Amino acid sequence: MKKAAWWVLAGAQLLIVVGCWFRFHAHHPLGNLLTGDAVGRLLAWGRLAGLLAVLAILFQLMLIGRVRWVERSYGMDRLTRLHHVVGFALLLLLLLHPVLLTLGHSRQAEVGYWAQAVDFIKTWKGLLSAVAGLSLVAAASVFSVLVLLRRVRYERWYATHLVLYFAFGLTFLHQVVSGSDFTDHPAFRYYWFALYAFVLVSLLGYRFVRPLRAFARHRFVVTRVVPEAGDVTSVYIGGKELEAFRVEAGQFMIVRFLAKGFRWEAHPFSMSCFPDGRQLRLSVKRLGDFTRRIPELKPGTPVLIDGPHGIFTSRVCASGKVLLIAGGIGITPIRSLAEEMAGAGRDVVLIYGNRNSETLVFRSELEELAARAGGRLRLVNVMSDDPAWPGEKGRVDRERIARLVPDLSGRDVYLCGPPLMMKGVRAALAGLGVPATRIHHERFAL
Ligand SMILES: Cc1cc2nc3c(=O)[nH]c(=O)nc-3n(C[C@H](O)[C@H](O)[C@H](O)COP(=O)(O)OP(=O)(O)OC[C@H]3O[C@@H](n4cnc5c(N)ncnc54)[C@H](O)[C@@H]3O)c2cc1C
């Protein structure tokens, strides 16, 4: 229902904008679609590209704005992937808009393309800042490609993305003072302002106000920093009235530790134990420059929390029985789900893949959980590179899943682990006939 409402809302804006554009351009003196010649059509299509580009920008902001009702429908990783795809379409529209309009006006005035472009910049109000904005967008897009190819560090790319807000701001003036769709049609102009206001309020509310309000109320603070197996450190977070901070097992939070050397970066981490209303726990594997410093955190460090986020929770589970599959540090959300689901009386099988017994995080905790659950939680550790391991050895593959979980067809499957493992396990599950709707997964990458 939420998904449908979200698409109806977004689709309605597309229909309104395209419908208005068509209506305005059926009788437009400069850019007439129906009776116009090539120049008229170039101008009309150029304007449509501009309108759609702005609509795409606002859509993009809603996708990554951590807007709760949007995120709850799809989960942040799917929204982020959609954001990447729309980003490229947006770039194309942003480039088409000035190219088509310059071409149309240059033909109409019978001057060269570049002479027309210079004339635009010199004489049209807001055009210079729009060109600057467009150049910044193009530069940030190149950076995004480099980050996807892993040539640029995440933090640099993120900083560049912040520049985009400024870049889009630069293009705003020329929309409302030069765009004939706005100057000639006050109702459309108000609609446009309302769209901007809606997106801005959502963005500010969910990205900034909500975390600050949560901090003001709960005063999150690091209470303990505990080393675990395999380069993992658990950070316990306490605070005031934590029972009122609603977080579900399997969800993640984007945290910013307010201490020297940490405060400029916010990173996502999953809840690694069942949120009992008394404390939160994140368990962090040392992977890069930020996570390497986690053991240095001191109790008493205030924590800004954005979230909880994510739909990797028991809410999406349709069966009474579940299979949880974790690989490496992917155990964090799985660990909290195992506790919740076994506690709620579900029949749970947990397959935990690791390289060797030294990287097995939460070993005793999981064994205790299984013992407490009295048969409702069956734990199977699988080691890929540990000849001395007395139990399952090898990879979590199709044969092993079929053998260990003969009643797979009656279970929902939750999966979190390294990308390659997830790919292999999803293929194995599909091969075993598990429908995609019953496979829930969390990717540790946004
Ligand atoms: C939904 C989700 C839940 C996660 N849960 C856990 C968890 O419970 N335990 C755990 O150890 N790790 C978890 N991670 C992974 C963790 O966020 C990254 O390992 C960490 O941010 C890497 O930071 P770094 O600077 O140390 O490493 P780097 O080497 O700088 O980054 C390694 C990779 O991590 C990603 N990354 C880096 N910084 C960020 C950031 N600020 N925001 C988003 N992604 C970033 C990028 O893909 C990057 O290529 C989770 C990630 C996501 C998306």
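Just the heavy atoms: all of them, side chains too, but no hydrogens, waters or symmetry mates, feed the values below. Order of listing sets the numbers, starting from 1, for every ligand and every atom in it. None of these values were measured; they are calculated from a predicted model.
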Engineer: Any N or O of Leu287 that comes nearer than 3.5 Å to an N or O of ligand 1?
Structural biologist: no
Engineer: Under 30°, 30 to 60°, or over 60°: which ring-plane class applies to Tyr414 and His440, parallel, tilted or perpendicular?
Structural biologist: tilted
Engineer: Based purely on interatomic distance, does Val284 place a nitrogen or oxygen under 3.5 Å from a nitrogen or oxygen of ligand 1?
Structural biologist: no
Engineer: Compute the shortest N/O to N/O distance between Thr291 and ligand 1 and return yes if it is under 3.5 Å, no if not.
Structural biologist: yes
Engineer: I need the contact type for Ser283 against ligand 1. Using non-hydrogen atoms and a strict under-4.0 Å cut-off, is it side chain, backbone, both or neither?
Structural biologist: backbone
Engineer: Should you measure from each heavy atom of Ala266, which atoms of ligand 1 turn up under 4.0 Å away?
Structural biologist: 40 (C), 41 (N)
Engineer: When the ring planes of His174 and His97 are compared, do they come out parallel, tilted or perpendicular, using 30° and 60° as the limits?
Structural biologist: tilted
Engineer: Which option wins on minimum heavy-atom distance to atom 10 (C) of ligand 1: Phe252, Phe290, Phe269?
Structural biologist: Phe269
Engineer: Can you list the ligand 1 atoms lying under 4.0 Å from a non-hydrogen atom of Thr332?
Structural biologist: 7 (C), 8 (O)
Engineer: N/O of His267 under 3.5 Å from N/O of ligand 1, yes or no?
Structural biologist: yes
Engineer: Compare Arg335, Arg281, Arg256, Lys285 and give the one whose heavy atom is closest to atom 11 (O) of ligand 1.
Structural biologist: Lys285
Engineer: Which atoms of ligand 1 sit under 4.0 Å from any heavy atom of Ile329?
Structural biologist: 9 (N), 10 (C), 11 (O)
Engineer: If you compare all heavy atoms of Val322 against all heavy atoms of Met341, which two are closest, and at what distance to 0.1 Å?
Structural biologist: CG2-SD, 3.6 Å
Engineer: So is Asp289 polar-close to ligand 1, meaning N/O to N/O under 3.5 Å?
Structural biologist: yes
Engineer: Do you know which two heavy atoms are closest between Ser409 and Arg438, and how far apart they sit?
Structural biologist: O-NH2, 2.9 Å
Engineer: If you look only at pairs with a residue in residues 357-376, which of them pass as a salt bridge (charged side-chain N to carboxylate O under 4.0 Å, His left out), with sequence neighbours excluded?
Structural biologist: Arg281-Glu365, Arg335-Glu365, Arg363-Glu367
Engineer: Specify the closest pair of heavy atoms between Pro308 and Phe245, including all atoms of both residues, with the distance to one decimal.
Structural biologist: CD-CZ, 3.9 Å
Engineer: What salt bridge (charged side-chain N to carboxylate O under 4.0 Å, His left out) pairs are there with at least one residue in residues 205-227, not counting sequence neighbours?
Structural biologist: Arg217-Glu241
Engineer: Before we go on, tell me: are the rings of Phe362 and Tyr352 under 6.0 Å apart, centre to centre?
Structural biologist: no
